[in-house]
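What you see below is based on every heavy atom in this structure, not just the backbone, and it leaves out hydrogens, waters and symmetry mates. Read the numbers this way: they start at 1 and go in the same order the structure lists the ligands and their atoms.
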Amino acid sequence: MSAPARALELAGASVLVFEDAASACRHAADRIAGVIRDAVGLRGKAVLGLATGGTPIPIYDRLVALYQAGELSFADVSTYNLDEYYPIHPSDPNSYRAYMHRHLFGRVDIAPNRAHVLDGTVPDSFADAHAAEFDRWIAADGGLDLQLLGIGRNGHIGFNEPTNLPLETALNLPTRLVDLHPVTVADAAKDFGGESRVVPRALTVGVAPILAARSILILALGAGKAEAVTRALTGPMTPSLPASLLQSAPGRVTWMLDAAAARGLG
Ligand code: GLP
């Protein structure tokens, strides 16, 4: 396993800094594979919360490679994705359902009824009910062994965007329908072919169910994430930077960074 160049303890989290993005992703995939093997060995199943975006693609590639080599199986794994645009058809290439099929579900032995993504086609008036049901599915499955996260440039996790809510309220946010933040819309414009074409709402797993995971692995790669990373790990816990709310889960959070994303950490 590619060793981290530096290991720090910050804000109750373990922070591993790697020389480059490829090493960070390889380490992350090996950590996830270890969690799957341990949980399946102990309880007969593993339950993962998964993320999308550019960051996890090499992680999924490595998990697929382990599966193809006969070293890892998803037969006893359930997954719950963090978010989905709303409304969106699952066959839209920008849907996270399509992303997950492309990068993981369509390439490993996971059962279709164990690979869960929030449904971008539910009626508007039932979106909150669907979101609440997703939280019940996770709880009924025994909770998440590991939640994988990326981070937005504005510090969002999933699509939990910056807010000025009171801290207690922000920590208890459930899975729900949200409006995307302007920075998120700007960042998604490349995928949708322009800002005006970005689907402006999304379903997101809430802060509370993320924080309830037995372990949380958050990846941040590249200089564009450095400011959000520095604030999340060295600043106060604030709903204006949702990743800082991970400070409320001391001992359960691991950050994996490349050198560029870690440059503000001294
Ligand atoms: C999207 C996703 C997030 C993800 C973030 C960062 O907004 N909803 O879950 O962490 O983008 O994406 P990237 O990894 O492409 O920088």
Side-chain angles (χ1 to χ4, degrees), residues 18 20-22 24-25 28-29 32 48-62 79-88 92-100 102-104 116-120 131 134 144 146-163 173 175-192 195 197-207 209-211 213 216-233 241-246 253-258 260-262:
F18 295 84
D20 53 34
C25 288
I32 294 166
L48 304 178
L50 296 181
T52 50
T55 305
I57 292 174
I59 299 177
Y60 295 138
D61 285 343
R62 165 102 179 130
T79 65
Y80 293 87
N81 259 79
L82 258 182
D83 43 21
E84 179 60 289
Y85 291 103
Y86 182 85
I88 201 162
D92 184 321
N94 281 316
S95 78
Y96 287 159
R97 167 58 79 179
Y99 169 108
M100 289 307 300
R102 252 186 339 261
H103 294 293
L104 187 68
H116 311 290
V117 181
L118 285 152
D119 185 350
F134 203 75
L144 301 173
L146 177 135
Q147 173 67 65
L148 176 64
L149 295 173
I151 182 172
R153 276 193 304 135
N154 62 5
H156 75 205
I157 46 175
F159 277 131
N160 293 285
E161 299 284 25
T163 66
L173 284 170
T175 299
R176 67 205 185 284
L177 186 59
V178 296
D179 293 321
L180 299 187
H181 186 271
V183 170
T184 304
V185 172
D187 285 350
K190 60 181 185 320
D191 298 327
F192 285 87
E195 281 194 32
R197 300 166 89 162
V198 175
V199 176
R201 289 189 295 167
L203 290 157
T204 185
V205 168
V207 174
I210 290 172
L211 291 173
I216 299 172
L217 175 55
I218 177 164
L219 268 280
L221 306 174
K225 303 289 173 69
E227 191 190 334
V229 168
T230 307
R231 286 179 59 203
L233 284 169
L241 192 92
S244 71
L245 303 176
L246 298 175
V253 181
T254 302
W255 288 75
M256 292 192 186
L257 311 173
D258 64 1

### Message
I want to know if ligand 1 touches G54 in the polar sense, i.e. an N/O pair below 3.5 angstrom.
### Response
yes

### Message
Starting from atom 16 (O) of ligand 1, what is the nearest protein heavy atom, named by residue and atom, and what distance separates them?
### Response
K225 NZ, 2.6 Å

#### Entry: Identity and separation of the nearest protein heavy atom to atom 14 (O) of ligand 1
T55 OG1, 2.5 Å

### Query
Which of the atoms in ligand 1, numbered in the order shown and given with their element, are less than 4.0 Å from a heavy-atom of G150?
10 (O)

### Query
Do the side chain of D92 and the main chain of N94 share a donor and acceptor less than 3.5 angstrom apart?
yes

### Query
Does some non-hydrogen atom of H156 fall short of 4.0 Å from ligand 1?
yes

### Summary
If you scan protein heavy atoms around atom 8 (N) of ligand 1, the nearest is D83 OD2, 2.7 Å

### Message
Contact between ligand 1 and G158 is defined here as a heavy atom of the residue under 4.0 Å from a ligand atom; is it met?
### Response
yes

### Query
atom 2 (C) of ligand 1: which protein heavy atom is closest, and how many Å away?
Y96 OH, 3.6 Å

### Query
Can you tell me which residue and heavy atom of the protein come closest to atom 12 (O) of ligand 1, and the distance to 0.1 Å?
G53 CA, 4.0 Å

### Task
Find out whether R153 and D187 are in side-chain contact, i.e. whether some heavy atom of one side chain is under 4.5 Å from a heavy atom of the other.
yes

### Query
Do E161 and D179 come within less than 4.5 Å of each other through their side chains, counting heavy atoms only?
no

### Task
Please say whether T52 places an N or O atom under 3.5 Å from an N or O atom belonging to ligand 1.
no

#### Entry: Proximity of F192 and Y85 rings by center, below 6.0 Å
yes

### Task
Would you check if the side chain of N160 reaches a backbone N or O of I157 as a donor-acceptor pair within less than 3.5 Å?
yes

### Message
Strictly distance-based, threshold 3.5 Å: is any side-chain N or O of K225 a donor or acceptor partner for the main-chain N or O of G152?
### Response
no

#### Entry: Side chain, backbone, both or neither: the part of I151 lying under 4.0 Å from ligand 1 by heavy atom
backbone

### Query
Any idea which part of R153 is under 4.0 Å from ligand 1, heavy-atom wise: side chain, backbone, both or neither?
neither

